[in-house]
**Student:** 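Take a look at this one; I'll ask things after.
Every heavy atom of this structure was used, including side-chain atoms; hydrogens, water molecules and symmetry mates were not. Just so we're on the same page: letters track the sequence lines, and every chain starts at 1. Remember, predicted model here, so these are calculated numbers, not experimental data.
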Amino acid sequence: MPEWARRWGWELLLAGILIGVLILNVSLSPFYLGVQNVINTFQLSIEKVIVAVIMAFVIVNGEIDLSVASVMAFSASVLAALHAAGAPFGLAVGAALLTGAIAGLFQGFFVARMGLPSLTVTLAGLIGFRGAARILVEDQSIGDFPEWFDRLGQDPLVGRLSFGLLLFLVGIVVAGIILHRTPFGRSLYVIGDNSEVARFSGINVARTKLIVMTSSGFVAGLAGVLFAARLGSVRGDLGQGFELDIITMVLLGGVSIFGGSGTMVGVGLSILIVLNIRNGLGLARFAITTQTGVIGVLLILSVLVPNLVSRFARRRHRGPGPAPPSGGRTTDQGGDLRGREHESQQATVE
Amino acid sequence: MKKHRTLLAVVAGLALVMAACAEEQQAGGGGGQAEAPGPGELVTIEGGEDMSGVFIPKATDNPVFDQANDGAVEAAEELGAEPASFEGPPSAEDIEGQIQIMTNAVTQGVDAVMISNNAAEQIEPAAQQAQDAGITVVSWDSPIPSGADAGESLFVAQVDFDETGEVMADMALDLLGEEGGEFAILSATPDAANQNAWIEDMEAALEDPKYENLELVDTVYGNDDPEDSYDQALALVDQYPDLQLIMAPTTVGIAAAAEAMQDEDLCGQVLVSGLGLPSDMVEFTLNGCAPEFALWSFTDLGYLTYYATYGIATGQVQAVEGAQFEAGRLGEYTIEPDPTRDNGLRIVMGPFTVYTEENVEEG
């Protein structure tokens, strides 16, 4: 097998699935192929895909952030509450963004400095920040934002692209460069792969984790503000349940839930797949619950099938399993499927 | 081996999506725009033209909306049009789901969208887009707050919203008697346009001296979710020891509250009333947990909505103040300004039926 195929195996698979989805959508609905529909497809989930980009960093780093949707709501609620209290709108937006970053920093402190598992810390965050959001806006919906703010969330800014969509497009490219082309990005993989090794190789593990968790909070806060602009109002239940959709996009993208592997290209492809399944099925008039179900099954298959196939292959060949991940070649592991390492260790023991 | 693996997963993914998509896509038919007669002239809406439409409930988990859709399908069949596609979000809290369906309707190029808005102004950009694309947008059950300013042609009101407040106040008075007492409201979502209008009207109605002994102590929200509503009902009882009545202007809330009171053996102490579906409430009305409640026919509401929408979309009826039309078996209606909104038009279906143990089993 050629080197490029080994390195980009998962991304090629995703590209294949994506092409399949696109062909199906075209055959299902005569309305699918249209510039505006492509824009709508992104626009309807823009907050989720923006957060998915930063979530890829968190998971590559070997952590998880379950609190993103609650932080979105909390930031948006700060915005709404300040606006309702008569604060200048610019100040309210600034405070909302800062709120997201502080929420991330706060959780990052417990994860990075106290060494608590991010699963527990951000689960607490999921509950706590949601509660805080509900306290701030109580049982109401707060709207009546300035006209320009609603326009920013709803109307095209450049050509047919909205502000959120531009932000996402620029963001995912910048994120890809940081993740794959900078020492900081590489250190995330090393930490995610084995934080002890990272520590001994002179990486400041705690500081890196703190930066990643804080960024996650900040981006979630930003997404919350964007959501408020798109809907034109804020409720305490804003974005409820989004964290699962976001994590699904990242995992389907080939980022290992155990950390240390995955590529931004994979996450981008996975975002396209999830959005297009929803859009295509929606245009073909399938219920929203069916759309969610199909995406769920795809996620299960994406984890199961590669694992089963590789296990089956190894048993037949009685081979020693794949070589351990090579240190600096982070993208190598992009093709290395989730959980494979653990599976292969088991297989070798057998 | 890797190649095989890739191939296998691709095939699996494709098969999955293909299986799920076996249903045929329905293309939209066009509606001719004839010159509609002006206000004051009665139009009998006639069939013959096709109309493609989407019928959007607040949520798909509430049986009253299925009834409304049954009515819409009945009307479509009478008019010889293709029944509208029934699509809604899984829960009434899901604002995004309605926005997605409305946006897709624009892409699909349907002729009409009929929506029971499950939030407040969040749907407005999508509704405006729909109207800009030439789609007739009619709301029913729960209106779009900015009305005509946000693309809505007409709101089909189930009852006069002012009447709802009075009907609820009267039921409360009837149940609590002259001595009155404390009562609380258990509503749907906090920004539901219809419930909020009714609650406001009820509060206005309570100003009347004849209700002076009725004391409204709190308004809580169960989000039209049975569990949430159940918990909120019990929380009310805990918080207000002297509470005598829970008034729920939502079919989900009233049934959940009645069940909560029944489960806790509180039926004699705390009564439940509001807007309920007879089939949900029979048990509670007969055992005294919810002796009296009111509702209108959701089937008729769906039927009337489809007729009115069809009339507007096919150009037979102009969506202007004073336009009069006849909607099949339900008779004549006149379009009027909606007093509950700044710039909205409505027709009012009515009437209320008040259910007690006398008539609940027929409902």
**Student:** Out of curiosity, A:Ile288 CD1 to B:Gln100 CD, how far, rounded to the nearest 0.5 Å?
**Tutor:** 5.0 Å
**Student:** Between B:Pro125 and A:Arg230, which heavy-atom pair has the shortest distance, and what is it?
**Tutor:**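 Distance-wise, the nearest heavy atoms are CG-O, 4.4 Å.
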**Student:** Please determine, by modelled atom types, if B:Gln128 and A:Gln154 share a side-chain donor-acceptor pair under 3.5 angstrom.
**Tutor:**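 Side chains of B:Gln128 and A:Gln154: no pair found under 3.5 Å.
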**Student:** Keeping the roles fixed (side chain from B:Glu87, backbone from A:Arg285), state whether a donor-acceptor pair exists under 3.5 Å.
**Tutor:**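 The answer is no, because no donor-acceptor pair under 3.5 Å joins these two groups.
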**Student:** Hey, which of A:Asp155, A:Leu238, A:Asp237, A:Leu14 has the most heavy atom pairs under 4.5 Å with chain B?
**Tutor:**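 Of the options given, most contacts go to A:Asp237.
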**Student:** If you measure from CG on A:Leu283 to OG1 on B:Thr107, what distance do you get to the nearest 0.5 Å?
**Tutor:**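 Separation between the atoms: 5.5 Å.
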**Student:** Would you compute the distance between atom CD of A:Gln140 and atom OH of B:Tyr221 and round it to the nearest 0.5 angstrom?
**Tutor:**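 Between A:Gln140 CD and B:Tyr221 OH, I get 8.5 Å after rounding to 0.5 Å.
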**Student:** Within this structure, what is the CD1-OG1 distance for the pair A:Ile39 and B:Thr103, rounded to the nearest 0.5 Å?
**Tutor:** 13.0 Å
**Student:** Near B:Glu200 CD, under 6.0 Å, is it more than 12 heavy atoms from other residues, nucleotides or ligands?
**Tutor:**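 Atom CD in B:Glu200 is not crowded, with 12 or fewer foreign heavy atoms closer than 6.0 Å.
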**Student:** Quick check on the structure: residues of residues 41-50 of chain A within a heavy-atom distance below 4.5 Å of chain B, by number.
**Tutor:**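 A:Leu44, A:Lys48 fall under the 4.5 Å cut-off.
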**Student:** Less than 4.5 Å to any heavy atom of chain A: does that hold for the side chain of B:Thr219, its backbone, both, or neither?
**Tutor:** neither
**Student:** Under a 4.5 Å heavy-atom cut-off, does chain A meet the side chain of B:Val106, its backbone, both or neither?
**Tutor:** neither
**Student:** What residue, out of A:Thr289, A:Leu308, A:Asn279, A:Leu231, has the most heavy-atom pairs lying under 4.5 Å from chain B?
**Tutor:** A:Leu231
**Student:** Tell me, out of B:Glu124, B:Glu96, B:Glu121, who's got the most heavy-atom pairs with chain A below 4.5 Å.
**Tutor:** B:Glu96
**Student:** When only pairs under 4.5 Å are counted, which of B:Ile99, B:Ile95, B:Thr60, B:Ile123 shares the most heavy-atom pairs with chain A?
**Tutor:**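 That would be B:Ile95.
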**Student:** Distance check, rounded to the nearest 0.5 Å: B:Asn104 atom CG versus A:Tyr32 atom OH?
**Tutor:** 11.5 Å
**Student:** Looking at A:Gly34, A:Gly232, A:Gly236, A:Ser233, which makes the most heavy-atom pairs under 4.5 Å with chain B?
**Tutor:** A:Ser233
**Student:** Are there over 12 heavy-atom neighbours, none belonging to B:Asn343, within less than 6.0 Å of that residue's CG?
**Tutor:** yes
